[in-house]
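Each remark here refers to the structure printed beneath this line.
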Amino acid sequence: MINSIDITRLRNANYLQFQKDFLAIISRNDPSALNIQAKYYDLTAKTEELENLFKKALANPISQELLVLDGRRDDAINGIYYAALAYSYHYDPDVKQAADTLLANINLYGSGIARLNYQAETATITNLINDWENKPELEDAINVLQLKGWRDELKSLST
């Protein structure tokens with residue numbers, strides 16, 4: 001049960017879903033019996049208008065291209081993470097140390113970087129690449145693990 005909700009804090013998609021759920025509850029309880037039929041129809045019309053506007057925003061012609069690039073970026077960050085994770089079990093202590101150093105740096109930014117929203121993921125990856133290029137121990141770790149190609153791929157997709 002909802003006691004109260006601050007609808008100003010909802011994002012567009014969440015607000016739209018809230019409105020649709022609210023209308024569904026009213027519909028199940030007979031708007032005419034509640035004596036709110038006119039207001040119900042007005043809110044329904046406005047919600048449909050909002051939904052149509054929201055669908056147009058999602059239909060941006062470059063949306064598909066961005067989805068493809070975001071998928072490649074997700075693959076790159078996951079590839080780096082899992083390669084470093086695999087190397088953290090390496091028999092060579094230098095390789096293991098490099099992997100542990102790189103993993104510690106990635107873990108500073110939280111788990112599931114590829115699952116972040118687009119803007120948050122961009123900011124996180126920009127910070128990671130900045131660390132990897134400006135901190136000698138991380139640059140060395142990238143070189144020891146031979147992940148420079150992965151890093152360059154990630155960098156090219158995040159600018």
Side-chain angles (χ1 to χ4, degrees), residues 1-88 99-135 137-138 141-142 147 150-159:
M1 173 173 204
I2 299 174
N3 292 327
S4 68
I5 187 167
D6 185 0
I7 61 173
T8 61
R9 292 183 177 259
L10 297 177
R11 299 202 183 269
N12 291 341
N14 298 75
Y15 176 76
L16 181 59
Q17 188 61 51
F18 176 81
Q19 287 295 95
K20 290 166 81 176
D21 291 345
F22 181 70
L23 287 169
I25 292 169
I26 293 172
S27 176
R28 283 193 305 264
N29 291 293
D30 191 17
S32 44
L34 296 170
N35 200 22
I36 58 170
Q37 192 168 13
K39 296 291 185 183
Y40 172 75
Y41 290 131
D42 290 343
L43 184 59
T44 300
K46 289 296 184 182
T47 301
E48 287 174 3
E49 182 182 343
L50 179 64
E51 185 172 21
N52 290 332
L53 290 170
F54 187 66
K55 285 180 182 176
K56 285 180 185 173
L58 291 178
N60 189 322
I62 63 169
S63 294
Q64 190 58 38
E65 186 178 329
L66 285 175
L67 288 173
V68 169
L69 291 174
D70 188 43
R72 283 182 53 200
R73 188 171 69 165
D74 292 347
D75 289 346
I77 190 64
N78 285 334
I80 292 169
Y81 175 78
Y82 286 112
L85 185 61
Y87 280 125
S88 71
D100 290 342
T101 300
L102 191 59
L103 285 171
N105 176 250
I106 293 170
N107 289 333
L108 284 175
Y109 294 95
S111 63
I113 295 170
R115 291 188 309 268
L116 296 172
N117 69 48
Y118 190 82
Q119 291 80 10
E121 184 178 346
T122 299
T124 301
I125 289 172
T126 300
N127 291 334
L128 277 170
I129 291 170
N130 188 40
D131 287 351
W132 297 344
E133 291 180 338
N134 295 312
K135 294 183 179 178
E137 68 276 8
L138 294 172
I142 292 285
L147 296 175
W150 281 96
R151 184 201 59 204
D152 293 345
E153 167 76 357
L154 186 61
K155 185 176 180 179
S156 73
L157 295 167
S158 297
T159 54

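All figures in this text were calculated on a predicted structure; none of them were measured in a lab.
- Contact between Ile5 and Phe18 at its shortest, heavy atoms only, is CG2-CZ, 3.7 Å.
- For the residue pair Ser88 and Ala99, the shortest heavy atom distance occurs at N-CB, 3.4 Å.
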Tell me which donor-acceptor pairs under 3.5 Å the side chains of residues 41-50 have, and how far apart each pair is, sequence neighbours excluded?
{"residue": "Tyr41", "atom": "OH", "partner": "Gln37", "partner atom": "NE2", "Å": "3.0"}
{"residue": "Thr44", "atom": "OG1", "partner": "Tyr40", "partner atom": "O", "Å": "2.8"}
{"residue": "Thr47", "atom": "OG1", "partner": "Leu43", "partner atom": "O", "Å": "2.8"}

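- Ionic pairing of Arg73 and Asp70 is present here: one or more N-O contacts between side-chain nitrogen and carboxylate oxygen are shorter than 4.0 angstrom.
- No salt bridge links Lys155 with Asp152; every basic N to acidic carboxylate O contact stays at or beyond 4.0 Å.
- Between the CH2 atom in Trp132 and the CG atom in Leu138 there is a gap of 9.0 Å [rounded to 0.5 Å].
- Of the inter-residue distances, the one linking Trp150 atom CH2 with Asn78 atom CG reads 9.0 Å to the nearest 0.5 angstrom.
- Here Glu121 does not pair with Arg115 in a salt bridge; the nearest charged N to carboxylate O distance is not below 4.0 Å.
- Within the 4.5 Å cutoff, side-chain heavy atoms of Asp131 are placed close to those of Tyr109.
- Asn130 has its side chain out of reach of Thr126: every pair of non-hydrogen atoms, C-beta onward, lies at least 4.5 Å apart.
- The shortest distance between side-chain heavy atoms of Ile77 and Leu128 falls below 4.5 Å.
- Side chain of Asn29 to backbone of Ile25: a donor-acceptor contact under 3.5 angstrom is found.
- We find the OG1-CD1 distance between Thr124 and Ile129 to be 11.0 Å, quoted to the nearest 0.5 Å.
- Contact detail for Ile125 and Ser158: the closest heavy-atom pair is CG2-OG, 3.1 Å.
- Each salt bridge (Lys or Arg N to Asp or Glu O under 4.0 Å) pair with one or both residues in residues 10-36, not counting sequence neighbours, appears once here: Lys20-Glu51.
- For the pairing with Tyr81, the side-chain contact (heavy atoms from CB on, under 4.5 Å) check across Ile113, Asn107, Leu102 returns one residue only, Asn107.
- Inter-residue side-chain proximity for Ile106 and Ile80 is flagged as met; some heavy-atom pair is nearer than 4.5 Å.
- Annotation: Asn134, atom CG; neighbour count of heavy atoms from other residues, nucleotides and ligands within 6.0 Å is above 12.
- Between Asp74 and Ala114 the shortest heavy-atom distance is OD1-O, 3.5 Å.
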